[in-house]
S.K.: 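Just passing along the structure, written as structure tokens.
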Amino acid sequence: MSNASMPSESTNFSNQPVVYIVDHHKSALLALSALLAPLNVSIKCFTSAELFLNHEISSEAVCLILEAHLNEKRESGIELLEGLVQQGLHIPTIVLASSSDIPTAVRAMRASAIDFIEKPYIEHLLVQKVAEIVHQSTLTKMN
């Protein structure tokens, strides 16, 4: 199994919305991929910030689901998000955290995260949030 893609990754057909997931736990990537599969989006998974940054980000990117603490390094996911913003890349981002504190959540929101969710997350609420982001992106592109 490659670190850059998971077996549940769907093929990106023309103009299909892309959801990126970055988490160092392959089991989390597989679970999130399976959870989001019914949304009819292309799901691209990465096990590190480095692999994500070395991948060409699709113009169809509509959402990034990002673990706050990649490879057990505190706030490394937040650092990735801050770097994207500094580069002018604004992808609606949901930050997930196994353990969190108020300063980490504030830092994520200041880096333009649209949500900060503690694990274990409530599955249907996460799917609903991603579906809303995909829908909003579709409406924006139609206008």
Side-chain angles (χ1 to χ4, degrees), residues 1-101 104-142:
M1 181 181 312
S2 160
N3 281 341
S5 63
M6 305 302 287
S8 61
E9 177 181 334
S10 61
T11 305
N12 187 20
F13 300 110
S14 63
N15 298 4
Q16 187 178 26
V18 176
V19 173
Y20 291 109
I21 306 171
V22 182
D23 194 313
H24 62 281
H25 294 291
K26 289 182 182 179
S27 59
L29 293 173
L30 289 170
L32 282 167
S33 294
L35 190 63
L36 299 174
L39 295 180
N40 194 30
V41 295
S42 177
I43 301 168
K44 300 190 184 275
C45 298
F46 301 89
T47 56
S48 73
E50 181 180 2
L51 287 170
F52 175 73
L53 291 172
N54 288 332
H55 176 80
E56 184 177 333
I57 296 173
S58 170
S59 62
E60 300 301 323
V62 296
C63 185
L64 169 62
I65 299 174
L66 179 62
E67 168 59 44
H69 311 294
L70 297 169
N71 297 320
E72 306 304 324
K73 182 181 172 203
R74 279 199 66 74
E75 301 181 7
S76 54
I78 307 298
E79 291 168 6
L80 169 63
L81 180 57
E82 290 169 335
L84 292 174
V85 170
Q86 287 174 353
Q87 294 174 34
L89 296 171
H90 299 281
I91 303 170
T93 302
I94 298 170
V95 176
L96 301 178
S98 301
S99 61
S100 65
D101 52 48
T104 302
V106 169
R107 189 172 167 195
M109 301 312 279
R110 284 185 177 155
S112 75
I114 60 169
D115 211 338
F116 186 92
I117 301 171
E118 281 190 286
K119 292 179 181 176
Y121 50 84
I122 299 171
E123 291 180 356
H124 75 276
L125 294 177
L126 180 61
V127 172
Q128 180 180 7
K129 186 69 172 182
V130 174
E132 289 170 8
I133 293 167
V134 170
H135 179 72
Q136 184 61 41
S137 173
T138 303
L139 290 177
T140 301
K141 289 184 180 191
M142 290 173 55

S.K.: Hey, could you give me the CG/CG distance between L84 and L53, rounded to the nearest 0.5 Å?
M.R.: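 CG of L53 is found 6.0 Å from CG of L84.
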
S.K.: To the closest 0.5 Å, what do you measure between CD (Q16) and CD1 (I43)?
M.R.: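 If I round to the nearest 0.5 Å, the distance is 9.0 Å.
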
S.K.: Side chain to side chain contact (heavy atoms under 4.5 Å, CB included) between K129 and D115: does it pass, once the steps are laid out?
M.R.: CA-CA 9 Å; K129 186 69 172 182; D115 211 338; 3.6 Å; yes

S.K.: Might you point out which heavy atoms bring A131 and L39 nearest each other, and give the distance in Å?
M.R.: CB-CD2, 3.8 Å

S.K.: Quick one: are F52 and I57 in side-chain contact, heavy atoms under 4.5 Å?
M.R.: yes

S.K.: Could you check whether atom CD of E132 has more than 12 heavy atoms from other residues, nucleotides or ligands sitting under 6.0 Å from it?
M.R.: yes

S.K.: Are I114 and I94 close enough that some pair of their side-chain heavy atoms sits under 4.5 Å apart?
M.R.: yes

S.K.: Taking the six-membered ring for Trp, are F46 and H55 parallel (under 30°), tilted (30 to 60°) or perpendicular (over 60°)?
M.R.: tilted

S.K.: Check D101 with R107, please: is the shortest side-chain N to carboxylate O separation under 4.0 Å?
M.R.: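 So R107 does not pair with D101 through a salt bridge.
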
S.K.: Which heavy atom of K26 sits nearest a heavy atom of T47, and at what distance?
M.R.: CG-CG2, 4.0 Å

S.K.: Treating T93 as the side-chain partner and I91 as the backbone partner, does any N or O pair qualify as donor plus acceptor under 3.5 Å?
M.R.: yes

S.K.: Test Y20 against C45 for side chain to side chain contact (heavy atoms under 4.5 Å, CB included), laying out the working first.
M.R.: CA-CA 6 Å; Y20 291 109; C45 298; over 6 Å; no

S.K.: How close do S137 and V62 get, heavy atom to heavy atom, and via which atoms?
M.R.: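 What the structure gives for the nearest pair is OG-CG1, 2.9 Å.
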
S.K.: How far apart are the closest heavy atoms of P38 and L35, and which atoms are they?
M.R.: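 Heavy-atom minimum between the residues: CD-O, 3.4 Å.
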
S.K.: Test side chain to side chain contact (heavy atoms under 4.5 Å, CB included) on T104 and H69 and set out the steps.
M.R.: CA-CA 10 Å; T104 302; H69 311 294; 4.2 Å; yes

S.K.: First locate atom CD1 of I133, then atom CD1 of I65, and finally report the distance between them rounded to the nearest 0.5 Å.
M.R.: 7.5 Å

S.K.: Would you say that L126 contacts I117 through its side chain, given a criterion of any heavy-atom pair below 4.5 Å between the two side chains?
M.R.: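 The answer is yes, as the side chains (C-beta and beyond) meet within the 4.5 Å cut-off.
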
S.K.: Mind listing the closest non-hydrogen atom pair of H90 and V85 along with its distance?
M.R.: CE1-CG1, 3.7 Å

S.K.: For the pair R110 and E82, evaluate salt bridge (charged side-chain N to carboxylate O under 4.0 Å, His left out) and give the outcome as yes or no after the intermediate values.
M.R.: CA-CA 9 Å; R110 284 185 177 155; E82 290 169 335; over 6 Å; no

S.K.: Please report the interatomic distance OG(S48) to CG(N54), rounded to the nearest 0.5 Å.
M.R.: 8.0 Å

S.K.: Mind checking whether V19 and K44 have side chains closer than 4.5 Å, heavy atoms only?
M.R.: no

S.K.: In the structure I gave you, are the side-chain heavy atoms of E67 and S98 within less than 4.5 Å of one another anywhere?
M.R.: yes

S.K.: Would you name the heavy atoms of A108 and L81 that are closest together and state the gap between them?
M.R.: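 Scanning both residues completely, I find the closest heavy atoms to be O-CD2, 3.9 Å.
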
S.K.: Look up atom CG in L70 and atom CD in E50, then write down how far apart they are to the nearest 0.5 Å.
M.R.: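 One finds 12.0 Å between CG of L70 and CD of E50.
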
S.K.: As an exercise, state the distance from NZ of K119 to CG of D23, rounded to the nearest 0.5 Å.
M.R.: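 CG of D23 is found 4.0 Å from NZ of K119.
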
S.K.: Do any N or O atoms from the side chain of Y121 and from the backbone of A97 form a donor-acceptor pair under 3.5 angstrom?
M.R.: no

S.K.: Show your working on side chain to side chain contact (heavy atoms under 4.5 Å, CB included) between L66 and L80 and close with a plain yes or no.
M.R.: CA-CA 9 Å; L66 179 62; L80 169 63; 3.5 Å; yes

S.K.: So do E123 and L125 actually touch side chain to side chain, heavy atoms under 4.5 Å?
M.R.: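 No, side chains not in contact.
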
